[in-house]
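Below: the structure, in structure tokens.
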Amino acid sequence: MTTMKAAVVPELGAKLEIQELTVPEPGPGQVLVKIEASGLCHTDIHAAYGDWPVKPNPPFIPGHEGVGVVTATGPGATLHKPGDRVAIAWLGSACGHCRHCVAGWETLCEAQQNSGYSVNGTYAEYAVADDRYVVDVPEEVSSFDGAPLTCAGVTTFKAVKVAQLQPGETASIVGIGGLGHLALQYARVLGARVIAVDVEDAKLDLARALGADLTINARTTDPVQAIAEYGGADVAVVTAASPRTFEQAYASLRRGGRLSCVGLPADDKITISVFDTVLSGKKIIGSIVGTRKDLVDVFALHAAGRTKVIVEPRQLEDVNACFDEVLAGHVPARLVFTF
């Protein structure tokens with residue numbers, strides 16, 4: 001094929017356009033991937049609307065939860081070959097030599113490129129990607145399931161990991177959606193008791209089906225009081241995008257508790273008691289996606305049957321309606337465009 005279908009952001013805040021574009025050629029160190037599935041992450045909506053301080057430059061193709069098959073390689077790309085199935089994640093590339101990269105924290109590299117943000121992403125039939133930063137997808141993981149795991153999965157896996165959740169501890173997962181339903185499962189894999197907090201009964205039904213020990217509807221029940229009555233939380237992972245949820249999650253921590261921040265509220269200011277932080281020995285941790293190694297672990301857990309991805313298929317032509325679905329809160333967990 002010489003042309004491909006792609007969803008393009010023509011300008012920030014505008015509706016996406018389905019365009020027929022020339023299939024890109026892989027440059028030095030790149031691979032060309034025929035996309036089989038691409039998840040819809042809320043970050044894609046932020047990118048299209050230009051919500052964040054560092055804005056992408058339109059026109060661009062969003063998407064960073066892409067799984068597909070390598071069809072061609074550029075000069076010097078020797079790690080993958082045509083026929084390999086790989087995932088294209090948020091971390092499109094990093095410098096590889098800064099203090100963060102060499103310490104295993106490549107996601108903090110200040111020279112990183114991000115798929116679907118600073119470089120074109122996976123809302124297309126084909127995408128080019130850095131040969132070093134795509135991740136092999138095990139045979140046991142379908143492209144359909146693998147797409148959400150490439151961001152929603154690795155992001156929440158990392159959030160639970162950096163919070164140092166221990167077996168027998170209690171974790172509260174605030175926001176049971178595309179990210180939260182996976183965070184809940186990773187907490188259970190680690191042997192924790194899990195509290196699920198949301199404002200929608202349907203999301204809490206899902207949490208119970210996935211093994212939550214306690215569910216709390218924060219619209220009708222004070223989550224701080226309810227969690228305190230349960231004994232408090234050792235770890236709180238917040239995937240919701242409301243400053244109030246972060247404050248409530250922090251207040252629900254017992255002494256020595258850790259707040260793992262994942263969601264990015266548009267109003268990004270929260271009020272936290274320094275007195276309580278010091279006297280209670282609490283920690284506030286920012287967690288940003290995960291490394292290639294983290295994604296390998298996420299795929300391995302899924303291949304072993306330890307996680308279940310709640311996902312619904314969609315067509316790329318319906319991308320704008322899908323954005324509306326997500327913003328309206330009508331999506332059980334994750335949407336995936338199939339090709």
Side-chain angles (χ1 to χ4, degrees), residues 4-21 24 35 38-66 88-94 107-130 133 147-148 150-152 154-156 159 175 177-179 238-246 261-270 286-290 314-331 334-337:
M4 67 176 186
K5 177 176 62 179
V8 178
V9 177
E11 59 182 75
L12 298 180
K15 294 287 187 182
L16 275 67
E17 298 176 355
I18 303 300
Q19 298 182 5
E20 198 76 15
L21 303 176
I35 302 298
S38 183
L40 193 171
C41 178
H42 206 131
T43 294
D44 301 331
I45 300 176
H46 289 307
Y49 290 1
D51 287 338
W52 292 344
V54 178
K55 303 182 187 303
N57 295 313
F60 67 94
I61 300 170
H64 58 273
E65 289 186 347
I88 300 175
W90 170 252
L91 184 69
S93 66
T107 50
L108 299 182
C109 177
E110 294 187 72
Q112 69 182 272
Q113 297 294 320
N114 300 118
S115 306
Y117 209 91
S118 59
V119 295
N120 280 332
T122 58
Y123 280 17
E125 293 178 304
Y126 289 86
V128 291
D130 192 309
Y133 285 85
T150 299
C151 182
V154 76
T155 296
T156 51
L179 277 75
V238 183
T239 69
S242 161
R244 179 61 177 155
T245 61
F246 285 86
C261 303
V262 179
L264 293 171
D267 179 4
D268 67 349
K269 301 295 189 296
I270 62 174
S287 184
I288 175 69
V289 295
R314 293 290 188 274
Q315 296 301 306
L316 192 62
E317 289 84 355
D318 299 323
V319 60
N320 291 303
C322 292
F323 276 21
D324 291 340
E325 276 189 84
V326 171
L327 292 173
H330 294 160
V331 179
R334 212 60 160 180
L335 299 181
V336 169
F337 299 115

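What you see below is based on every heavy atom in this structure, not just the backbone, and it leaves out hydrogens, waters and symmetry mates. Keep in mind that what you see is a predicted model, and the values were worked out from it rather than measured.
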**Request:** Verify side chain to side chain contact (heavy atoms under 4.5 Å, CB included) between Ile88 and Thr150, making sure each step is shown before the conclusion.
**Result:** CA-CA 7 Å; Ile88 300 175; Thr150 299; over 6 Å; no
**Message:** Applying side chain to side chain contact (heavy atoms under 4.5 Å, CB included) to Leu327 and His42, what does each step give before you reach the verdict?
**Reply:** CA-CA 8 Å; Leu327 292 173; His42 206 131; 3.8 Å; yes
**Item:** side chain to side chain contact (heavy atoms under 4.5 Å, CB included) evaluation trace for Cys322 with Phe337
**Value:** CA-CA 10 Å; Cys322 292; Phe337 299 115; 3.8 Å; yes
**Request:** For the pair Ile61 and Val9, evaluate side chain to side chain contact (heavy atoms under 4.5 Å, CB included) and give the outcome as yes or no after the intermediate values.
**Result:** CA-CA 6 Å; Ile61 300 170; Val9 177; over 6 Å; no
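Asp130 places no side-chain N or O within 3.5 Å of a backbone atom of Ser93 that could act as its donor or acceptor partner. In terms of modelled atom types and a separation under 3.5 Å, the side chain of Gln112 and the main chain of Thr107 share a donor-acceptor contact. For Asn120 (side chain) and Phe60 (main-chain N/O), no donor-acceptor pair under 3.5 Å exists by modelled atom type. A donor-acceptor contact shorter than 3.5 Å is absent between the side chain of Thr122 and the backbone of Ser38. Panel note: side chain Ser287, backbone Val262; no donor-acceptor pair is recorded below 3.5 Å. Thr245 places a side-chain N or O within 3.5 Å of a backbone atom of Ser242 that can act as its donor or acceptor partner. A donor-acceptor pair is defined here as one N or O able to donate and one able to accept, closer than 3.5 Å; such a pair exists between the side chain of Thr239 and the backbone of Gly175. For the pair Gln19 (side chain) and Val8 (backbone), a donor-acceptor distance under 3.5 Å is absent. Looking at Glu325, its side chain never comes within 3.5 Å of a backbone N or O of Val331 through a donor-acceptor pair.
Counting only heavy atoms from C-beta outward, the side chains of Leu40 and Arg334 never approach each other to under 4.5 Å. Looking at heavy atoms from C-beta onward, Asn114 lies out of side-chain contact with Val119 at the 4.5 angstrom threshold. In this structure the side chain of Leu264 reaches within 4.5 angstrom of the side chain of Trp52, judged on heavy atoms. A 4.5 Å side-chain heavy-atom check between Pro265 and Phe246 finds at least one atom pair inside the cut-off.
Distance CZ/Arg314 to CG/Leu335: 5.0 Å, rounded to 0.5 Å. Note that CG of Leu91 and OG of Ser115 are 7.5 Å apart. Values are rounded to the nearest 0.5 Å.
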Under 3.5 Å, sequence neighbours excluded: what are the donor-acceptor pairs made by side chains of residues 43-50?
residue: Asp44; atom: OD1; partner: His64; partner atom: ND1; Å: 3.1
residue: Asp44; atom: OD2; partner: Cys41; partner atom: N; Å: 3.0
residue: Asp44; atom: OD2; partner: Tyr123; partner atom: OH; Å: 2.7
residue: His46; atom: ND1; partner: Asp51; partner atom: OD2; Å: 2.9

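A 6.0 Å sphere centred on CD of Glu110 holds no more than 12 heavy atoms belonging to other residues, nucleotides or ligands.
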